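For reference, the structure is listed below as structure tokens.
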Amino acid sequence: MFRTVLKRLQNKWKSYRHRFVPWVVLNLSKNEKTLRKVTERSEDKLVPDEEVSKSLLLLFRALLRSHGANHEEHRVAQTDLRKVPSKEDQRGEYPPSSQNVMLQSLGFCIDRKPSTLPFAGTGVFVTEGFVPKGTTVAMYPGTIYQAHEPILLQSIRNPFVFRCIDGVLIDGNDKGISKMVFKSCSGRDRIGPFVISDTSWLTATPQNPLAVGQYVNNCSNEMPANMCYQEYDVPYTFPLELFQYLPNVNYSNDTPRPLRCVVLVSLRDITAGEELFSNYYTIVH
């Protein structure tokens, strides 16, 4: 009985440690070739914010067109199911999924699968297409906490808390109290008919297929990084109708700064079938 419990705890730790920051820090010396040194936040940009915005706008507008067509089809079908043929009957196919929209607009798609790292749990893979170097490949979803805001309860046994260079924290846990906090903040910030954050990343089928970045595992010497984190503040000119696809929300509704997001950018060309691995930057004073 004791051996069974001990074995279960060992397996749990082997899975948890890949996202446990103190363990990662202690093992950096064994993995220095995967580090990306950053002296200040302005040097964190592998690609300009304008390029990140361009990629997000391209995908989000395609998703809006696709989802808008789906919503219209549902409304018409409910009006008269007997007289109006479904889109499947009219075209011989179903409306495109978010994955297909991503493939058509960005040239690749990603999805969660069991990681190739032993005991690492879930990972993220490029399932179709091709990812060129310098491409925005994923987003880190979650509730955004400023450096002074409380996160103690949410952080307990939570391996998905990401710390930005300036001390801002992003809680990417899709379960428990973290899930409840995100949904509460998202409902609070609704502007009339406009939803300004995406809660679907809390489910198994996010409508924004980029919003799986919290499941990207840290690299190792055997599995070098092909991705890196990059902080991205959403510009004030970002279209309001596209906020519904942003998987981030501020913990406080009076935060006097742009919405903080973190994206993952490719360090090299990535082909279909490869797992995504990130690296943790270090600040050099």
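All figures in this text were calculated on a predicted structure; none of them were measured in a lab. Any value given below was found using the heavy atoms of this structure, including those in side chains, with hydrogens, waters and symmetry copies removed.
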Ring centres under 6.0 Å, that's the criterion: do [X] and [Y] meet it?
X	Y	answer
Phe243	Phe238	yes
Phe60	His67	no
Tyr215	Phe160	yes

Within the structure provided, determine whether [X] and [Y] are in side-chain contact (heavy-atom separation under 4.5 Å).
X	Y	result
Gln244	Ser197	no
Phe108	Ile270	no
Glu51	Leu46	no
Ile144	Val249	no
Leu264	Val216	yes
Pro206	Ser200	yes
Cys261	Val234	yes

Approximate separation, where rounding is to 0.5 Å, of [X] [atom1] and [Y] [atom2]:
X	Y	atom1	atom2	result
Cys185	Arg190	SG	CZ	15.5 Å
Leu242	Asn208	CG	CG	11.0 Å
Ser66	Asn100	OG	CG	9.0 Å
Ile151	Ile156	CD1	CD1	11.0 Å
Leu56	Leu210	CG	CG	6.5 Å
Asn217	Met227	CG	CE	12.5 Å

Between [Y] and [X], is there a side-chain donor-acceptor contact under 3.5 Å, judged purely by atom types and distance?
X	Y	result
Thr199	Ser186	no
Glu275	Thr116	yes
Asp171	Asn158	yes

For the side chain of [X] and the backbone of [Y], is there at least one donor-acceptor N/O pair under 3.5 Å apart?
X	Y	value
Ser53	Asp49	yes
Ser252	Thr255	no
Asn226	Phe277	yes
Ser55	Thr136	no
Gln230	Val265	no
Ser98	Gln207	yes
Glu149	Gln146	yes
Thr127	Cys109	yes
Glu231	Ile165	yes
Ser266	Gly134	yes

Completion exercise
With Asn248 as partner, the option from Thr143, Asp198, Ile170, Val262 fulfilling side chain to side chain contact (heavy atoms under 4.5 Å, CB included) is Ile170
Hydrophobic cluster identity match, [X] and [Y], side-chain contacts under 4.5 Å:
X	Y	result
Leu57	Val137	yes
Phe194	Leu63	yes
Phe125	Met139	no
Leu58	Val126	yes
Leu276	Phe162	yes

Practice task
Determine, stepwise, if the pair Ile110 / Met102 fulfils side-chain contact (heavy atoms from CB on, under 4.5 Å).
Solution key: CA-CA 9 Å; Ile110 60 175; Met102 184 181 189; 3.9 Å; yes
Problem - Note: Glu274-Arg268 ion pair, threshold 4.0 Å (strictly below) - result: yes
Exercise for the section: Determine, for Asp174 against Lys179, whether the closest basic-nitrogen to carboxylate-oxygen distance falls under 4.0 angstrom. Expected result: no
Exercise for the section: Tell me, with the steps shown, if Cys164 and Leu169 meet side-chain contact (heavy atoms from CB on, under 4.5 Å). Expected result: CA-CA 6 Å; Cys164 299; Leu169 301 175; over 6 Å; no
Could you pull out the closest heavy-atom pair between [X] and [Y], with the gap in Å?
X	Y	value
Asn173	Leu202	O-CD2, 4.4 Å
Tyr140	Gln214	CE1-CA, 3.5 Å
Ile177	Gln154	CG2-CA, 3.9 Å
Ala211	Pro141	O-CG, 3.8 Å

Exercise for the section: Quick one: do Val181 and Tyr145 satisfy side-chain contact (heavy atoms from CB on, under 4.5 Å)? Show the steps, please. Expected result: CA-CA 11 Å; Val181 169; Tyr145 294 84; 3.6 Å; yes
Practice task
Report the C-alpha distance between Thr122 and Lys113 in whole Å, list the side-chain angles of each, state the deciding distance to 0.1 Å, and finish with yes or no for side-chain contact (heavy atoms from CB on, under 4.5 Å).
Solution key: CA-CA 6 Å; Thr122 302; Lys113 293 183 178 182; over 6 Å; no
